[in-house]
Q: 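Below is the structure I would like to discuss, written out as structure tokens.
Just so it is clear, the model here is predicted, and its values are computed rather than measured.
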Amino acid sequence: GVRMRMEGREEMQGAVGLRCTWDMPPPAGTQAKWVRLNVGGTVFLTTRQTLCREQKSFLCRLCQGEELQSDRDETGAYLIDRDPTYFGPILNFLRHGKLVLDKDMAEEGILEEAEFYNIGPLIRIIKDRMEEKDYTVTQVPPKHVYRVLQCQEEELTQMVSTMSDGWRFEQLVNIGSSYNYGNEDQTEFLCVVSKELYNSPNGLSSEPSHKAKV
């Protein structure tokens, strides 16, 4: 890695008194192209072209050296006091326009850095992703609603067959005969039906307007 090379350079200087190649200023042509960034102690090597993909970003202004007088470390890398963990995905986004995250990397962390570096398109992508996640998390498990319908024996089959969508037959309770038409007892039943209600994230439950017919 870069750190090992840097330590190696110091040893070589001490031992032989030679200056290592990367300690010398690069030729004029390449100086404009390659940029070293020291983000929180980790060195990243990239090009001006990459950093300036997003014209309004802090990184673009930094490497154009307009208004930002940034400190540099002993190798000439721009010093940026930010978390290097989240800088990799930011730099890769500028390189190829995609947001690629390790599964254990927090999107909030990337968002924080994207906002610091002022990379508009990336901020929008992360916010969209976080909203999608929130949306799937808030899909509440279905609630069960129960209804009790009273009917007579002869109406039972008709009622069950015309039950509207989504209602499920749960239980039948015989409550005996309550009317006496002549000699015939009409047995009364209580019919228990249930339905699942899905809550949408905004708290409104989506229940079809048509009720079970009795």
Side-chain angles (χ1 to χ4, degrees), residues 1-10 12 19-141 198-203:
V2 178
R3 256 172 280 185
M4 272 167 54
R5 284 219 313 263
M6 282 160 61
E7 287 158 22
R9 186 197 69 214
E10 281 150 24
M12 282 169 69
R19 285 184 76 73
C20 224
T21 47
W22 55 78
D23 222 24
M24 295 165 68
T30 59
Q31 193 170 7
K33 188 177 179 194
W34 288 97
V35 182
R36 291 167 76 97
L37 302 169
N38 183 337
V39 183
T42 304
V43 177
F44 293 86
L45 192 59
T46 182
T47 65
R48 276 169 204 277
Q49 187 189 0
T50 296
L51 293 179
C52 289
R53 287 271 154 75
E54 187 49 42
Q55 295 288 319
K56 297 192 193 79
S57 78
F58 165 85
L59 295 166
C60 182
R61 284 161 47 213
L62 179 75
C63 69
Q64 287 171 341
E66 290 166 8
E67 64 248 67
L68 295 171
Q69 285 306 309
S70 174
D71 291 336
R72 298 183 176 223
D73 69 8
E74 67 280 2
T75 69
Y78 292 102
L79 284 163
I80 304 175
D81 182 20
R82 301 297 289 186
D83 187 342
T85 318
Y86 297 114
F87 189 70
I90 297 235
L91 192 52
N92 282 331
F93 176 78
L94 290 172
R95 284 171 176 151
H96 50 56
K98 291 194 190 85
L99 174 59
V100 182
L101 294 186
D102 294 339
K103 61 180 183 310
D104 49 357
M105 193 173 276
E107 282 167 349
E108 288 86 343
I110 303 280
L111 180 61
E112 195 63 38
E113 299 307 290
E115 285 176 341
F116 171 79
Y117 295 115
N118 191 28
I119 302 171
L122 182 56
I123 295 169
R124 283 192 294 279
I125 289 174
I126 301 168
K127 283 187 171 165
D128 286 350
R129 276 173 63 148
M130 286 166 73
E131 272 170 30
E132 270 172 40
K133 241 183 213 161
D134 284 349
Y135 182 76
T136 48
V137 170
T138 49
Q139 287 290 346
V140 194
Y198 290 92
N199 276 354
S200 51
N202 56 14

Q: Can you name the closest pair of heavy atoms from Thr46 and Trp34 and give their distance?
A: O-CE3, 3.2 Å
Q: How long is the gap from CG on Leu79 to CZ on Arg36, to the nearest 0.5 Å?
A: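 Taking CG in Leu79 and CZ in Arg36, the distance rounds to 11.5 Å.
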Q: Could you list all the side-chain hydrogen bond (donor to acceptor under 3.5 Å, both in side chains) pairs where at least one residue sits in residues 79-93, not counting sequence neighbours?
A: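 Listed once each, the pairs are Arg82-Glu113, Asp83-Thr85, Asn92-Arg95.
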Q: Could you grab the distance from atom CG of Leu51 to atom CG of Leu94, nearest 0.5 Å is fine?
A: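 Atom-to-atom, Leu51:CG and Leu94:CG are 6.5 Å apart.
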Q: Between Asp102 (side chain only) and Met105 (backbone N and O only), is there a donor and an acceptor less than 3.5 Å apart?
A: no
Q: For the atom pair CG (Asn38) and CG (Asp73), what is the distance rounded to the nearest 0.5 Å?
A: 4.5 Å
Q: Does atom CD of Glu115 have more than 12 heavy-atom neighbours from other groups under 6.0 Å away?
A: yes
Q: Mind checking whether Ile80 and Leu37 have side chains closer than 4.5 Å, heavy atoms only?
A: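 Side-chain contact under 4.5 Å: yes.
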Q: State which residues pass side-chain hydrogen bond (donor to acceptor under 3.5 Å, both in side chains) with Thr50; sequence neighbours excluded, sorted by chain then number.
A: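 Testing Thr50 for side-chain hydrogen bond (donor to acceptor under 3.5 Å, both in side chains), a comparison that skips the adjacent residues, returns Thr47.
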Q: Output all residues satisfying side-chain contact (heavy atoms from CB on, under 4.5 Å) with Glu131, sequence neighbours left out; order by chain, then residue number.
A: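 Result, side-chain contact (heavy atoms from CB on, under 4.5 Å) vs Glu131: none returned.
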Q: Run the side-chain contact (heavy atoms from CB on, under 4.5 Å) test on Met130 and Glu108 for me, step by step, so that the C-alpha distance in whole Å, both residues' side-chain angles and the decisive distance to 0.1 Å come before the verdict.
A: CA-CA 8 Å; Met130 286 166 73; Glu108 288 86 343; 3.7 Å; yes
Q: Can you name the residues that form a ring pair (Phe, Tyr, Trp, His ring centres under 6.0 Å) with Phe87, not counting sequence neighbours?
A: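 Checked Phe87 against ring pair (Phe, Tyr, Trp, His ring centres under 6.0 Å); matches are Phe44, Tyr117.
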Q: Please output the side-chain donor-acceptor pairs of residues 121-129 that fall under 3.5 Å, not counting sequence neighbours, one pair per line with the distance.
A:
{"residue": "Arg129", "atom": "NE", "partner": "Glu107", "partner atom": "OE2", "Å": "3.0"}
{"residue": "Arg129", "atom": "NH2", "partner": "Glu107", "partner atom": "OE2", "Å": "3.2"}

Q: What is the minimum heavy-atom distance between Leu101 and Pro89, and which atoms define it?
A: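 Answer, listing the atom of Leu101 first, then Pro89: CD2-CB, 4.0 Å.
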Q: Any salt bridge (Lys or Arg N to Asp or Glu O under 4.0 Å) pairs touching residues 50-59, not counting sequence neighbours?
A: none
